[in-house]
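Written out below as structure tokens is the structure these notes cover.
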Amino acid sequence: MMKEQMMEKFPQKWWQKQVVYQVYPRSFYDANGDGIGDLQGIIAKLDYLQYLGIRMIWLNPVYQSPNDDNGYDVSDFYDIMKEFGTMADYDQLLAEAHQRGIKIVMDLVLNHTSDEHSWFIEAKQSKESEKRDYYIWADPKEDGSAPTNWGGFFGTSCWSYSEETDQYYMHIFSQKMPDLNWENEEMRKSLYEAINYWLDKGIDGFRVDAIPHIKRNKTWVDAPNPENKPFVLADQGNFANVPGVHEFVKETAANTFLKADVFTVGEAASANIAEGLQYTAPHEGELNAIIHFHHSGIDSDNNTDPRIGGKWMKKKPDFMELQRIMNEWTEGLYGKGWHTLFLNNHDMPRMVGRFGDISTSENRIMSAKMLATMMYLQWGMPFLLQGEEIGMTSPVFKDISSYRDTEVSHFYHQFLEFGKSKEEALELLSRGSRDGSRTPMQWSNTNQGGFTTGIPWIELNEDFTEWNVETQINDPHSILNYYREIIQLKQEDDLFIYGTCEYIDLNDPSLYAYKRAWKGEEAYVICNTSNQPQTLSMELYMHTSVILTNGAHSQVNQSMNLKAYECIVLRKMK
Ligand code: TEU
Ligand code: CA
């Protein structure tokens with residue numbers, strides 16, 4: 001079947017026309033001056049989001065939590081984190097967002113809870129506890145050490161000792177985040193109840209955290225890590241996308257999501273295309289879309305020891321590789337499932353410093369606009385991170401004490417043990433730390449960027465004096481006002497929502513270009529990802545007009561150049 005026909009047959013849903021704006025509540029806006037963003041702060045900024053054109057926000061976790069991992073360690077699914085406000089504040093936020101036509105997607109953490117969750121408190125007391133089997137336990141080795149040498153994502157062992165019963169519990173994230181045992185039916189039912197509590201409130205969807213990990217391979221749990229690597233990566237097979245994970249997702253969906261008209265997106269960093277299809281094809285009855293991370297490695301230098309490699313070591317971003325990956329996913333999912341488009345989130349450094357050029361203000365503006373155009377006009381659902389619309393960058397902290405993220409101290413010590421100096425270790429952290437995208441939103445050039453009247457929980461990036469919402473909102477050429485145009489195109493123009501997406505030359509290292517086509521309409525998106533001018537071969541582009549650009553071309557000529565980081569969107573004339 002022709003691609004376009006496949007899309008025509010694909011069930012059309014409201015969420016396909018959404019651009020998602022990620023709100024990291026802790027760093028968005030602090031309404032009561034305690035230095036921590038909160039729900040009243042989000043309410044206060046809804047008008048701003050409406051100005052941007054946003055119709056859907058994703059909230060990072062706001063459930064009750066001791067905050068070991070900024071809310072991903074949930075201690076009560078039925079309550080709001082004290083620092084963020086109360087359930088009454090949440091209800092007000094939902095109502096006020098809805099009044100403005102803004103939908104709310106909640107984060108949903110199903111892989112683990114906090115060790116301060118009542119389930120775990122009960123479970124750890126005794127092997128006979130009713131909740132014991134809600135978590136994963138194993139005996140120590142003979143010498144008392146951890147059952148296996150597997151490590152978790154945050155650089156530590158994935159086992160922690162629990163004195164009460166002389167056993168270890170498993171956690172692939174922090175020690176304060178014990179993994180739930182999905183083999184236990186009672187446990188699953190308890191989670192479904194919590195999910196339905198939120199659905200009954202009338203929320204609009206969930207971003208399901210770390211979904212591929214909920215199924216564990218028993219042999220993986222019990223057997224030693226043969227390579228003795230200090231930490232495991234999801235891609236290494238045995239504990240992500242393990243066969244059987246889809247049965248759990250289907251059961252969850254059938255008992256919760258599918259009973260309401262909500263949007264669900266699974267965070268499935270390491271899922272391959274076949275798995276992506278399984279998670280998102282409508283007939284599978286699982287989720288609507290997935291967030292995969294395959295393209296986030298286009299600047300990772302893996303030719304080095306894993307203790308300092310992966311996300312910490314960077315090379316020049318490879319846009320050809322990006323194009324290849326996006327092409328593969330489009331080929332795999334278009335007309336069959338759905339995926340998301342993003343270049344940053346709260347788990348990675350900000351995009352313009354990473355994939356763009358921040359050496360001058362002009363390059364920063366040009367490349368921020370180019371990256372947004374390149375990424376979001378492709379086929380898929382854009383996920384924007386708060387602050388990218390003003391070109392925010394990740395800070396370079398000068399002291400380890402400026403960091404807040406739970407993973408930082410382990411990795412910092414690992415770098416030092418590896419022989420790096422303090423300066424070198426800080427340098428590595430600045431390239432990969434998740435804190436890079438978590439600094440406060442820069443609203444204005446006043447004290448603390450207008451984020452708080454108090455002392456912020458994490459330092460602002462000092463460039464807030466120049467890069468902030470207030471300065472950009474009144475400047476028609478700002479990144480912010482350019483984002484409004486992209487958001488509008490992507491929400492209202494079926495060509496950019498449903499159209500086929502064909503890449504023009506997968507072997508061009510500098511030009512990232514693709515064609516969208518839908519019901520006789522056509523558009524070309526052409527982006528110069530390099531800092532050198534590029535000449536376009538215009539045969540392809542005759543009879544088009546310019547509908548969006550970060551440059552100066554207002555019409556199409558026989559011969560055209562794109563300046564460094566210039567992008568242009570051409571639409572076929574009727
Ligand atoms: O991240 C999930 C996560 O870290 C892994 O699933 C992923 O495979 C890995 O990062 C790939 O490199 C989510 C949240 O986004 C993150 O903030 C939380 O810390 C984490 O889950 C635990 O809840
Ligand atoms: Ca506050």
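Keep in mind that the numbers below use all heavy atoms, side chains included, and drop hydrogens, waters and symmetry copies. Note that ligands are numbered from 1 as they come in the structure, with each ligand's atoms numbered from 1 the same way. Each residue takes its place number in the sequence, starting with 1.
- Ligand 1 is never approached by Met348 to a heavy-atom distance shorter than 4.0 Å.
- Looking at Arg434 against ligand 1, only its side chain comes within 4.0 Å, counting heavy atoms.
- Heavy-atom proximity to Ala269, at under 4.0 Å, picks out these atoms of ligand 1: 7 (C), 8 (O), 11 (C).
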*asked:* Determine whether Gln64 and Tyr78 satisfy the following criterion, side-chain hydrogen bond (donor to acceptor under 3.5 Å, both in side chains), listing intermediate values before the conclusion.
replied: CA-CA 8 Å; Gln64 187 58 261; Tyr78 297 90; over 6 Å; no
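- Ring geometry for Phe248 versus Trp182: interplanar angle of 30 to 60°, hence tilted.
- Between the side chains of Thr330 and Asn327, not a single donor N or O lies within less than 3.5 Å of an accepting N or O.
- Using a 30° and 60° split on the angle between ring planes, Trp329 and His292 fall in the parallel class, below 30°.
- The proximity of Phe154 to ligand 1, defined as any non-hydrogen pair under 4.0 Å, is limited to the side chain.
- When the heavy atoms of Phe173, Phe153, Tyr24, Tyr72 are ranked by distance to atom 4 (O) of ligand 1, first place goes to Phe173.
- Arg100 and Asp47 are joined by a salt bridge, as a carboxylate oxygen and a charged side-chain nitrogen come within less than 4.0 angstrom of each other.
- Classification of Arg434 and Asp69 as a salt-bridged pair holds, one side-chain N sitting under 4.0 Å from a carboxylate O.
- Classification of Arg404 and Asp435 as a salt-bridged pair fails, no side-chain N sitting under 4.0 Å from a carboxylate O.
- The contact set between ligand 1 and Asp347, taken as ligand atoms under 4.0 Å from a residue heavy atom, comprises 1 (O), 13 (C), 14 (C), 15 (O), 16 (C), 17 (O).
- Judged by the shortest distance from any of its heavy atoms, His213 lies inside the 4.0 Å radius around the atoms of ligand 1.
- For His292, no heavy-atom contact with ligand 1 is shorter than 4.0 Å.
- With 3.0 Å as the limit, Asn32 counts as an N, O or S neighbour of the Ca ion (ligand 2).
- The atom name of the N/O/S atom in Asp34 closest to the Ca ion (ligand 2) is OD1.
- At a cut-off of 3.5 Å, with distance as the only test, no side-chain donor of Tyr29 or Gln40 sits close to an acceptor on the other residue.
- The angle subtended at the Ca ion (ligand 2) by OD2 of Asp38 and O of Ile36 is 100°, given to the nearest 10°.
- Ion pairing of Arg354 with Asp299 is present here, as a side-chain N (NZ or NE/NH1/NH2) and a carboxylate O approach within less than 4.0 Å.
- Distances from the Ca ion (ligand 2) to the N/O/S atoms of Asp30 are shortest for OD1.
- Within the 4.0 Å heavy-atom shell around ligand 1 one finds His112.
- Listed by number with element, the atoms of ligand 1 under 4.0 angstrom from any heavy atom of His346 are 14 (C), 15 (O), 16 (C), 17 (O).
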